[in-house]
Amino acid sequence: MKELKVAIVGCGRISVMHLASISALPSVTLVAACDVKRDRAEAVAKKYEARAYLSYKEMIENEELDAIHICLPHYLHTKVASYAFKKGVHVICEKPMDIDYESAERAVKLADECGVIYGIISQCRYGDAARLVKERVSSGRLGKIISARSTLTWTRPDEYYAESDWKGTWDKEGGGVVIDQAIHSIDLVNWIVASEPVRVSCSMANRGHKIVFVEDSAEGLVEYENGVKYGFYCMNNYGCDEPIEIRLFCERGSVTFGYNDAVIVYEDGEREELHDDYTSSEVEGAKDYWGDNHVRQIAQFYSALRGECELEISGKEALKTHALVMKLYEIGKKTMK
Ligand SMILES: NC(=O)c1ccc[n+]([C@@H]2O[C@H](COP(=O)([O-])OP(=O)(O)OC[C@H]3O[C@@H](n4cnc5c(N)ncnc54)[C@H](O)[C@@H]3O)[C@@H](O)[C@H]2O)c1
């Protein structure tokens, strides 16, 4: 198997999951780590016997890289990805694609033109619960979905935002609870419903924060071409991160699921239940709310890069949820006082 040389840009919180995923893969080697904060780049470089850089451009010029992992503030995602594409380097980038739709669409086109693979992290699709529900809906066992709903009540107090120079800002993060936290549950519903949103309504508010002005609460209704009505509610003024809950009301049964659990009740009374306890995961960093599904998605990215399969969450695929999230902002921002 050809040895692949890879690098990471952005050595903050989520980088641990990318580094753990790279370490778990045979013949994928981290050769460089970049962060504008020298201590972060150097700490990763030391741990993985790689070279440290402060500039991603310099790193891409100096190293012969097969791929980079982008774990940066949102507004930098497509800028750095596009630089890599033009040098023939494949990219796996954290969600969201960017803070607007146009940059994301341009990046997808550019990756195609440059003949490189462009993957976007949506690791929740790789959880056993989400996979089971997707399979049972796609196989027709539950009949058509009639309605869907999702709820997220998490905690991101002012102290959380005070620690970051980009989170909670419109120009660098692109929003608050929707683009950063609820994006995963919105993505799961959008993926499972698998239809085009035709009517979207949304309201947003900042109800509980004093030092940031992005939305900390949002609710809305998405009406899909196939008739599904999806309502969502999210807020990050709660006292802890409660498990997210997604409900699907279908013709021949109903589903309740989250990141780790799924309960499916069919019309004849039969039940299917699944519990996937990531808190016992051995993967470094996996005990945080994001679980260890990065490992699965990143392995899939490298299999696609080796030509063994199609990339599941390509830029083109990720654009579907990105378009919906951007639409929610277009409408929701107008409702903020
Ligand atoms: N998939 C998930 O569940 C999940 C969870 C958390 C974060 N994320 C995503 O990961 C990304 C990073 O989030 P985070 O929480 O790790 O943020 P973070 O602030 O902890 O880390 C970002 C890092 O990027 C560095 N950086 C900033 N500008 C840079 C530049 N020009 N060049 C090099 N380095 C630069 C910062 O110094 C920082 O170390 C975001 O897109 C976020 O939404 C995803």
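These numbers come from a predicted model, not from an experiment.
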With a 4.0 Å cut-off on N to O distance, would you call [X] and [Y] a salt bridge?
{"X": "Glu63", "Y": "Arg51", "result": "yes"}
{"X": "Arg296", "Y": "Glu312", "result": "no"}
{"X": "Asp39", "Y": "Lys46", "result": "no"}
{"X": "Arg207", "Y": "Asp216", "result": "no"}
{"X": "Arg271", "Y": "Glu273", "result": "yes"}
{"X": "Lys2", "Y": "Asp66", "result": "yes"}
{"X": "Lys95", "Y": "Asp180", "result": "yes"}
{"X": "Lys333", "Y": "Glu215", "result": "no"}

Legend entry - Taking every non-hydrogen atom, the tightest pair across Thr78 and Ala104: CG2-CA, 4.0 Å
Legend entry - Closest non-hydrogen atom pair between Cys124 and Tyr259, with its separation: SG-CE2, 3.5 Å
Inset, instruction - Would you mind telling me which of Leu319, Ile179, Asp98, Ile99 makes a side-chain contact (heavy atoms from CB on, under 4.5 Å) with Met326? - result: Ile179
Give a yes or no on whether [X] and [Y] share a hydrophobic cluster (residues Ile, Leu, Val, Met, Phe, Trp, Tyr; joining criterion: side-chain heavy atoms under 4.5 Å apart).
{"X": "Ile183", "Y": "Trp154", "value": "yes"}
{"X": "Tyr101", "Y": "Val178", "value": "yes"}
{"X": "Ile22", "Y": "Val91", "value": "no"}
{"X": "Leu65", "Y": "Val80", "value": "yes"}
{"X": "Ile117", "Y": "Leu25", "value": "yes"}

Hey, does [Y] have a side-chain heavy atom less than 4.5 Å from the side chain of [X]?
{"X": "Leu188", "Y": "Phe257", "result": "yes"}
{"X": "Val255", "Y": "Arg247", "result": "no"}
{"X": "Phe232", "Y": "Leu328", "result": "yes"}

Between [X] and [Y], is any side-chain donor less than 3.5 angstrom from a side-chain acceptor?
{"X": "Tyr75", "Y": "Glu173", "result": "no"}
{"X": "Ser150", "Y": "Tyr230", "result": "yes"}
{"X": "Asp158", "Y": "His209", "result": "no"}

Inset, instruction - Kindly indicate, with the supporting measurements, whether the criterion side chain to side chain contact (heavy atoms under 4.5 Å, CB included) is fulfilled by Ile298 and Ile121. - result: CA-CA 8 Å; Ile298 289 169; Ile121 294 288; 4.0 Å; yes
Inter-residue atom distance [X].[atom1] - [Y].[atom2], 0.5 Å rounding:
{"X": "Asp187", "Y": "His322", "atom1": "CG", "atom2": "NE2", "result": "12.0 Å"}
{"X": "Tyr233", "Y": "Ser217", "atom1": "OH", "atom2": "OG", "result": "5.5 Å"}
{"X": "Gln300", "Y": "Glu308", "atom1": "CD", "atom2": "CD", "result": "10.0 Å"}
{"X": "Leu76", "Y": "Cys71", "atom1": "CG", "atom2": "SG", "result": "12.5 Å"}
{"X": "Thr151", "Y": "Glu219", "atom1": "OG1", "atom2": "CD", "result": "12.0 Å"}
{"X": "Ile186", "Y": "His184", "atom1": "CD1", "atom2": "NE2", "result": "10.5 Å"}

Compute both the distance and the angle, then confirm whether [X] meets the cation-pi test with [Y]: under 6.0 Å from the six-membered ring centre, within 45 degrees of the axis.
{"X": "Lys320", "Y": "Trp191", "result": "no"}
{"X": "Arg156", "Y": "Tyr161", "result": "no"}
{"X": "Arg141", "Y": "Tyr266", "result": "yes"}

Legend entry - Connected-component partners of Val265 among ILVMFWY, side-chain separation under 4.5 Å: Val263
Inset, instruction - Could you note down all residue pairs passing salt bridge (charged side-chain N to carboxylate O under 4.0 Å, His left out) where residues 71-93 supplies at least one of them, sequence neighbours left out? - result: Glu61-Lys87
Inset, instruction - Could you pull out all residues at least two apart from Lys57 that satisfy salt bridge (charged side-chain N to carboxylate O under 4.0 Å, His left out)? - result: none
Residues 29-37, side-chain donor-acceptor partners within the protein, below 3.5 Å, at least two apart:
| from | atom 1 | to | atom 2 | distance (Å) |
| --- | --- | --- | --- | --- |
| Thr29 | OG1 | Glu3 | OE2 | 2.1 |
| Asp35 | OD1 | Lys37 | N | 2.8 |
| Asp35 | OD2 | Cys11 | N | 2.7 |

Legend entry - Results of side chain to side chain contact (heavy atoms under 4.5 Å, CB included) for Lys144 - residues two or more places apart only: Glu251
Legend entry - Counterpart residues, side chain to side chain contact (heavy atoms under 4.5 Å, CB included), relative to Lys327 (two or more places apart): Val200, Glu330, Ile331
Inset, instruction - Check each of His69, His77, His18 against Glu94 using the side-chain hydrogen bond (donor to acceptor under 3.5 Å, both in side chains) test, and report the only one that passes. - result: His18
Legend entry - Check: Tyr118 ring centre within less than 6.0 Å of His90 ring centre: no
